[in-house]
2 protein chains.
Amino acid sequence: MLEELSTREKIILAGAEIIIHEGLKRFTAKNIANKIGITDAAIYKHFPSLDAIVVEIINRYISRCSQSVDRAKELGLSTEETLKQVMREHIKVLEETKGAVPVLCFEFSRSGNKKFFDILHKFVEDYKKKLSEVIKKGQEEGLVKEDIDPSETAMLFVGLIQAKVFAYVMERREGPIIKDPDQLISELFYGIIKK
Amino acid sequence: MLEELSTREKIILAGAEIIIHEGLKRFTAKNIANKIGITDAAIYKHFPSLDAIVVEIINRYISRCSQSVDRAKELGLSTEETLKQVMREHIKVLEETKGAVPVLCFEFSRSGNKKFFDILHKFVEDYKKKLSEVIKKGQEEGLVKEDIDPSETAMLFVGLIQAKVFAYVMERREGPIIKDPDQLISELFYGIIKK
DNA sequence: CTTTACAGTTAGCATTTATTAACTTAAAAT
DNA sequence: ATTTTAAGTTAATAAATGCTAACTGTAAAG
């Protein structure tokens with residue numbers, strides 16, 4: 001294929017792949033190095049520490065997610081369509097990253113590592129805020145129920161998508177994580193009960 | 001408090017607490033032992049390996065979840081109330097296990113560890129089957145929308161709960177994971193959109 | 001040409017980890 | 001009263017891990 005990738009880039013990709021397919025316990029310098037045909041020590045020519053690789057992986061995911069929300073908002077759609085578009089964009093990013101970052105969130109939000117926590121926390125807060133605004137607008141327009149908490153629901157959005165990754169993995173499926181994004185969105189929007 | 005707990009029991013509780021509050025990387029014999037005032041070697045008087053502790057934590061959660069579905073079904077409630085009761089029971093188990101199992105699911109579903117994966121897989125399939133039956137009954141009775149897939153929706157149940165654990169962890173909250181279970185159930189049932 | 005910088009190597013160090021072995025002690029069983 | 005067992009200890013081992021240091025080759029810059 002296109003072997004034009006720099007070693008730095010290969011490290012990031014191999015690292016993400018390990019997290020996705022083998023779990024955090026296998027995210028070690030040796031495993032990453034093996035995967036791309038160098039030695040573990042060579043990793044440190046490109047990154048000061050393994051933590052730095054994780055930071056890079058997270059930051060890339062975060063910026064893509066944030067951008068995708070902004071992109072959806074800029075389309076000038078109705079509130080309902082904006083919300084749906086945001087979800088669709090999020091699902092797209094998730095598919096491409098196979099849900100690696102949720103795993104990282106789970107682990108590093110609790111690892112006592114302030115650096116990670118601050119990055120992840122800031123991201124989640126930012127994302128929640130952006131989404132909350134759309135939901136709040138929906139409430140003002142009489143579209144969304146008044147008794148729901150916008151920021152709670154925003155987190156539900158994010159979490160729900162991540163849970164789909166779990167189902168995907170547990171059912172040993174191949175192909176897309178979310179078969180029918182619009183069905184999922186519709187269930188969240190209109191519930192599962194008739195009328 | 002009630003110091004009547006056996007060491008074995010303390011190990012399981014301390015282990016779960018470490019997983020939820022400090023992450024999997026800190027799930028080590030030494031950390032568990034420190035938490036309950038014994039040495040790491042003493043752990044092995046009660047469990048053959050650390051993996052065995054994880055298996056025990058997962059199995060307990062699983063059997064309680066399964067039981068709670070059966071219990072809810074036996075109450076002879078309406079389909080709608082049965083579904084709600086199942087969710088309430090599941091949330092109760094989740095709270096009592098402090099959300100450790102969803103975290104483990106995320107990690108071990110991709111760790112390549114066949115032992116863990118098989119346990120989780122069996123659980124998910126079983127749980128999905130039981131719940132699907134209730135949902136299907138709901139569809140036959142005209143309660144639940146026809147265009148939803150029962151087993152997909154069963155997984156949605158599980159996923160919703162995972163989403164809540166994610167939010168709980170990311171927001172560094174204390175206390176209950178799900179503040180208002182009935183609100184959550186209602187959102188799933190009736191959606192977030194008005195009418 | 002020579003120098004310098006880069007990107008890799010091998011070797012090694014300090015630490016951590018899971019686990020085991022050998023020993024102690026106190027309580028329960030005989 | 002003696003033996004056995006359970007549950008703890010300390011000490012040790014082997015392997016893995018993160019990371020560093022010293023070295024090597026290559027290729028661009030001067």
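Lettering follows sequence order; numbering is per chain, from 1.
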Could you state the CD1-C1' distance from A:I18 to D:dT17, rounded to the nearest angstrom?
-> 14 Å

Just by distance, with hydrogens left out, do B:R88 and B:Q85 show a side-chain donor and acceptor under 3.5 Å apart?
-> yes

Within residues 40-49 of chain A: residues closer than 4.0 Å to DNA chain D (heavy atoms) | A:D40, A:A41, A:Y44, A:K45, A:S49

Of the listed nucleotides D:dG8, C:dT19, C:dG8, the one nearest the side chain of A:T7 = C:dG8

Between D:dT17 (P) and A:F27 (CZ): distance, integer Å | 13 Å

For atom NZ of A:K25 and atom C1' of D:dA15, their distance in whole Å | 15 Å

May I have the distance from B:I38 (atom CD1) to D:dT9 (atom P), rounded to whole angstrom?
-> 6 Å

Apply salt bridge (charged side-chain N to carboxylate O under 4.0 Å, His left out) to B:E56 and B:R60, showing your working.
-> CA-CA 6 Å; B:E56 180 88 22; B:R60 286 190 179 195; 3.1 Å; yes

A:K30 NZ to C:dA11 C1', in whole Å, measures 13 Å

Report yes if at least one side-chain N or O of B:T39 is closer than 4.0 Å to OP1 or OP2 of D:dG8; otherwise report no.
-> no

Any idea which of C:dT17, D:dG18, C:dG8 is nearest the B:T28 side chain?
-> C:dT17

Mind checking whether A:Q183 and B:I148 have side chains closer than 4.5 Å, heavy atoms only?
-> yes

Atom pair distance, as rounded to whole Å: CG in A:L50 and C1' in D:dG18 | 7 Å

Return the value, rounded to whole Å, for the distance between atom CZ of B:R26 and atom C1' of C:dT15.
-> 15 Å

Atom NZ of A:K10 and atom C1' of C:dG8: how far apart are they, to the nearest Å?
-> 12 Å

Does any non-hydrogen side-chain atom of A:I185 lie less than 4.5 Å from one of A:Y190?
-> no

Would you call the rings of B:F117 and B:H121 parallel, tilted or perpendicular, where under 30° means parallel and over 60° means perpendicular?
-> parallel

Determine whether B:H90 and B:F157 make a side-chain contact, defined as any pair of heavy atoms from C-beta on separated by less than 4.5 Å.
-> no

Is it true that A:K145 and B:E187 make a salt bridge, defined as a side-chain N closer than 4.0 Å to a carboxylate O?
-> no

